[in-house]
S.K.: 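The structure follows.
A note on names: the letters A, B, ... follow the listed sequences, proteins ahead of strands, and every chain is numbered from 1. On a predicted model such as this, the values are computed, not experimentally measured, just so you know.
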Amino acid sequence: MTAIAKEKKKEAVSLDYSTKEGIEIYRHSASHIMAEAVKELFPDARLAIGPAIEDGFYYDFDVERPFTPEDLEKIEKRMQEIIKRNASFVREEISKKDAIKLFESKGEVYKVELINELNDETITIYRQGSFVDLCRGPHVLSTGKIKAFKLLSTAGAYWRGSEKNKMLQRIYGTSFLTKEELDNYLKKLEEIKRRDHRRLGKELDLFSINEDAGGGLILWHPKGAVIRKTIEDFWRNEHYKNGYELVYSPHMARLDVWRTSGHWDFYRENMYSPMTVEDVEYEIKPMNCPFHIMIYKSHRRSYRELPIKFAELGTVYRYERSGVLHGLMRVRGFTQDDAHIFCRPDQLEDEILKILDFTLYMLMTFGFSEYDIYLSTRPEKYVGSLENWEKATNALKFALENKGLKYEIDPGEGVFYGPKIDLKIKDVLGRAWQCTTIQVDFNLPERFDVTYTAEDNKPHQAIMIHRALMGSLERFFGVLIEHYAGAFPVWLSPVQAVIMTITDSQIEYAEGIVEMLKREGIRAESDFRGEKIGFKIREAQLMKAPYMLIIGDKEVKAGAIAVRTRKGEDLGQIKAEAFLEKIKKEIEEKVA
RNA sequence: GCUGGCGUAGCUCAGUCGGUAGAGCAUCUGAUUUGUAAUCAGACGGUCGGGGGUUCGAUUCCCUUCGCCAGCUCCA
């Protein structure tokens, strides 16, 4: 039992707030102080809930009109006063009946609703000054303990998160033990804005979304496309090395295919309306699996052939509600780095282990070493037998444990046809983006009758593993942009070197250098404009080009180039060949 | 989808308490030939997101519609 758990029995706690549990208590107390301030300023506000969250806290209120930024300032000021009053947090235990009476008398209908759902006969409440709130606690000793806080934003939020309920007004805030920590956090928020892939995507001319085309549909500009191509080439090569075969499949198919697969019954909310072609209904694909199954089934397969691994950069379309679209991270049309592995039962675990190794290798190459792993289990809407679900889930669990990877269970978050392992990459926002997914599926093979001929010369049902390592190229690209703040490693940089002349008299020499680099496969660009070198450097710097090759009379005379990096380092005069060797090596080794 | 906020030149933004708009950057033209993050000058560029209403007059006020942004997961 932790110290905090023990302290929960007491009225309020004095403890080390720098622990994870400690800071939660601290922030939860800050949320009570905010609620008190709101009640003092807006007596008609009804309290909902107000927990501590990842980087702060919030409290939901039912109020007549939404809070304005000016309201937040007033609330902040009032919170300062409440902190100055230094009222103690006092814990009380009262009977359920008294609790209901208490909150009814205050008109706190949401609190009454919550109490009614509690099974305990004794309810705990916390008071500070004249403010009282239904709360399990614990809290800090007194309001004066809160040293640094800030209210950040307001937003609508449904009561209990359901859009069928009334929308309440939520105030987000954060608090830290010291002003310094708070300032650091606010700085981090600025940094997050600076790295936003939507902003960088525009600034670096990587991609755009055009409202005439539609939301959630990505236009890849040349510079973004080069990066994508580089990723794809790497991906294809690695897949061939790992025993995959590449395939291509169409973007639509007859609706009956999706009926057979179960998508039409279990995944329809993510699918677009069918279109009718010569009286037959067709559907744009939300997944690639049925096509890979068809390729598998195009002829009979022997147990000797397995595992068969079909991989495809397959573009799929899924309906997402307009409000959830977000740059490259959440889109309606995206390309999965998809693959389906058809195997025998005895091969299943080994194949999952191979995929895990492959995944970690791929992610590492792109500079990601931090991720959270989840094992998602059977959802409410599912196909197949419970027995199959259990087999599949156990296979995934076994593989994770065998690898010694830490994971959490995500109950009910599996796909309708099978459980899955998800790897979530953490971006600078601290948000974890689901990229990798590995799904074991006994069900589609059954629905499509996917078999192989075994040693007994009889058909046996194959098992399928669906997997995407980067997830979708769009989302992965978004995470990459934020991860590198647009300054991609050389191998991914759309422009790897900008060659710039000091004056017109070096153009001929510089052209030779550019040509040589291009011939060697370097993405070199020239800037021979009649501008000052500082101006050219500034532009290349803003485009985050890793190398700037400056050529003046001195370099022409020496038969060399002056190399500057985007970090501002001056590598001095070197021979073009030496530079070529250096940059080639960096590209080859994918140096970050 | 819901709630709120926002929508002015290619971009970033200012402005108009109702009298049809302005800056910087970008683009184009010219001059400048320059040594490590912005040379100078000129020109071009907008029916102020779309539609409707009020008004002598709307970019400004009202309604509606579209788009974008934030939140809607964290359960006393």
S.K.: Among B:rU36, B:rC69, B:rA76, which nucleotide sits nearest the side chain of A:Arg198?
M.R.: B:rC69
S.K.: Which part of the nucleic acid, if any, lies within reach of A:Thr124 when heavy atoms closer than 4.0 Å are counted: base, sugar-phosphate only, or nothing?
M.R.: base
S.K.: Answer yes or no: side-chain N or O of A:Glu555 and base N or O of B:rG35 forming a donor-acceptor pair under 3.5 Å.
M.R.: yes
S.K.: To the nearest angstrom, how far is A:Leu549 atom CG from B:rU36 atom P?
M.R.: 16 Å
S.K.: Do A:Tyr59 and A:Tyr172 have their ring centres less than 6.0 Å from each other?
M.R.: no
S.K.: Which nucleotide in the set B:rU12, B:rG35, B:rA76 lies at the smallest distance from any side-chain heavy atom of A:Lys202?
M.R.: B:rU12
S.K.: Across the strands shown, which category fits A:Lys536 at heavy-atom distances under 4.0 angstrom: base, sugar-phosphate, nothing?
M.R.: nothing
S.K.: Pick the closest RNA chain B nucleotide for A:Cys135 and for A:Ile551 by heavy atoms, then say which residue is nearer the 5' end.
M.R.: A:Ile551
S.K.: Using atom C1' of each nucleotide, how far apart are B:rC44 and B:rC25 to the nearest Å?
M.R.: 15 Å
S.K.: A:Lys532 has a side chain; which of B:rU34, B:rA70, B:rG35 sits nearest to it?
M.R.: B:rU34
S.K.: Do A:Glu482 and A:Arg194 sit within salt-bridge range, that is, some charged N less than 4.0 Å from a carboxylate O?
M.R.: no
S.K.: Pick the C1' atom in B:rA14 and in B:rU3, then give their distance to the nearest Å.
M.R.: 29 Å
S.K.: For A:Ile115 and B:rA76, what is the distance between atoms CD1 and P respectively, to the nearest whole Å?
M.R.: 12 Å
S.K.: Need the pair for B:rC11. Rule: Watson-Crick or G-U wobble, both distances under 3.5 Å, any strand; none if unpaired.
M.R.: B:rG24
S.K.: Please name the nucleotide paired to B:rU29 by Watson-Crick or G-U wobble geometry with both distances under 3.5 Å, or report none.
M.R.: B:rA41
S.K.: Using a heavy-atom cut-off of under 4.0 Å over every strand shown, decide if A:Gly215 touches base, sugar-phosphate, or nothing.
M.R.: sugar-phosphate
S.K.: Quick one: A:Leu168 CG to B:rC75 P, roughly how many Å, whole number?
M.R.: 16 Å
S.K.: Between B:rU3, B:rC72, B:rU36, which one does the side chain of A:Met167 approach most closely?
M.R.: B:rU3
S.K.: Is A:Gln541 touching bases, backbone alone, or none of the nucleic acid, heavy atoms closer than 4.0 Å?
M.R.: base
S.K.: On RNA chain B, does the nearest nucleotide to A:Ala562 precede the nearest nucleotide to A:Gly327 from the 5' side, or the other way round? Give the residue.
M.R.: A:Ala562
S.K.: Does the side chain of A:His326 get closer than 4.0 angstrom to OP1 or OP2 of B:rC69 through an N or O atom?
M.R.: no
S.K.: With distance as the sole test, does A:Asp410 use its side chain to make a donor-acceptor pair with the main-chain N or O of A:Ser376 at under 3.5 Å?
M.R.: no
S.K.: Mind checking the C1' distance from B:rU59 to B:rU8? Whole angstroms is fine.
M.R.: 7 Å
S.K.: The side chain of A:Glu531 is closest to which nucleotide in this list: B:rA76, B:rU39, B:rG35?
M.R.: B:rU39
S.K.: Which one, B:rC72, B:rG35, B:rU3, comes nearest to the side chain of A:Lys554?
M.R.: B:rG35
S.K.: Does the pair A:Arg318 and A:Tyr267 meet the rule for a side-chain hydrogen bond (donor to acceptor under 3.5 Å, both in side chains), with working shown?
M.R.: CA-CA 10 Å; A:Arg318 296 181 186 174; A:Tyr267 203 70; 3.2 Å; yes
S.K.: What nucleic acid atoms does A:Ile123 come within less than 4.0 Å of, heavy atoms only: base, sugar-phosphate, or nothing?
M.R.: base
S.K.: Describe the nucleic acid contact of A:Arg564 in one word from base, sugar-phosphate, nothing, applying a heavy-atom distance below 4.0 Å.
M.R.: base
S.K.: Pick the C1' atom in B:rC66 and in B:rG50, then give their distance to the nearest Å.
M.R.: 7 Å
S.K.: With the side chain of A:Glu211 defined as its heavy atoms from C-beta on, choose the nearest nucleotide among B:rA70, B:rC66, B:rC74.
M.R.: B:rC66
S.K.: Tell me: CD of A:Glu203 to P of B:rC11, nearest whole Å?
M.R.: 13 Å
S.K.: Just call it for A:Ile502: base, sugar-phosphate, or nothing, with non-hydrogen atoms closer than 4.0 Å on any strand.
M.R.: base
S.K.: Could you check whether A:Arg199 pairs with A:Glu203 (Lys NZ or Arg NE/NH1/NH2 to Asp/Glu carboxylate O, under 4.0 Å)?
M.R.: yes
S.K.: Which nucleotide, if any, forms a Watson-Crick or G-U wobble pair with B:rG46, using both distances under 3.5 Å?
M.R.: none
S.K.: Return the nearest nucleotide to the side chain of A:Arg170; candidates are B:rC72, B:rA76, B:rU36.
M.R.: B:rC72
S.K.: Taking atom P in both B:rA70 and B:rU64, compute the distance separating them and give it to the nearest angstrom.
M.R.: 25 Å
S.K.: Measure up the A:His28 and A:His139 rings against each other and bin them: parallel (under 30°), tilted (30 to 60°), perpendicular (over 60°).
M.R.: tilted
S.K.: Of all the choices, B:rA37, B:rA76, B:rU34, which nucleotide is nearest to the side chain of A:Thr503 once you look at every atom?
M.R.: B:rU34
S.K.: Report which part of the nucleic acid A:Gly552 touches: base, sugar-phosphate, or nothing (heavy-atom distance under 4.0 Å, all strands).
M.R.: base
S.K.: Should the heavy atoms of other residues, nucleotides or ligands under 6.0 Å from NZ of A:Lys424 be counted, would the total exceed 12?
M.R.: yes
S.K.: Need one value for A:Tyr158: base, sugar-phosphate or nothing, where a base atom within 4.0 Å counts as base even if backbone is also close, heavy atoms only.
M.R.: base
S.K.: Between B:rU47 and B:rG10, how far is it from one P atom to the other, in whole Å?
M.R.: 8 Å
S.K.: Suppose you measure atom P in B:rG7 against the same atom in B:rC11; what distance do you get, rounded to whole Å?
M.R.: 14 Å
S.K.: Charged N to carboxylate O below 4.0 Å: is that the case for A:Lys381 and A:Asp265?
M.R.: no
S.K.: Between P on B:rA76 and CD on A:Glu36, what's the gap in Å once rounded to a whole number?
M.R.: 20 Å
S.K.: Only pairs with both distances under 3.5 Å count, Watson-Crick or wobble alike; so what is the partner of B:rG71 in this structure?
M.R.: B:rC2
S.K.: Given ring-ring contact (aromatic ring centres under 6.0 Å, His included), test A:Tyr382 with A:Phe266 step by step and report yes or no.
M.R.: CA-CA 7 Å; A:Tyr382 68 97; A:Phe266 297 93; 7.9 Å; no
S.K.: Across the strands shown, which category fits A:Arg529 at heavy-atom distances under 4.0 angstrom: base, sugar-phosphate, nothing?
M.R.: nothing
S.K.: Roughly, in whole Å, what's the span from CZ in A:Arg538 to C1' in B:rG24?
M.R.: 12 Å
S.K.: What's the CD1-C1' distance between A:Ile192 and B:rC69, to the nearest Å?
M.R.: 16 Å
S.K.: Reckon A:Tyr172 touches a base, only the sugar-phosphate, or nothing at all at heavy-atom distances under 4.0 Å?
M.R.: sugar-phosphate
S.K.: Would you mind reading off the distance between A:Phe535 atom CZ and B:rU32 atom P, rounded to a whole angstrom?
M.R.: 18 Å
S.K.: So what does A:Glu108 touch, heavy atoms closer than 4.0 Å: a base, only the sugar-phosphate, or nothing?
M.R.: nothing
S.K.: Could you work out the separation of B:rC17 and B:rA43 based on their C1' atoms and round it to a whole Å?
M.R.: 35 Å
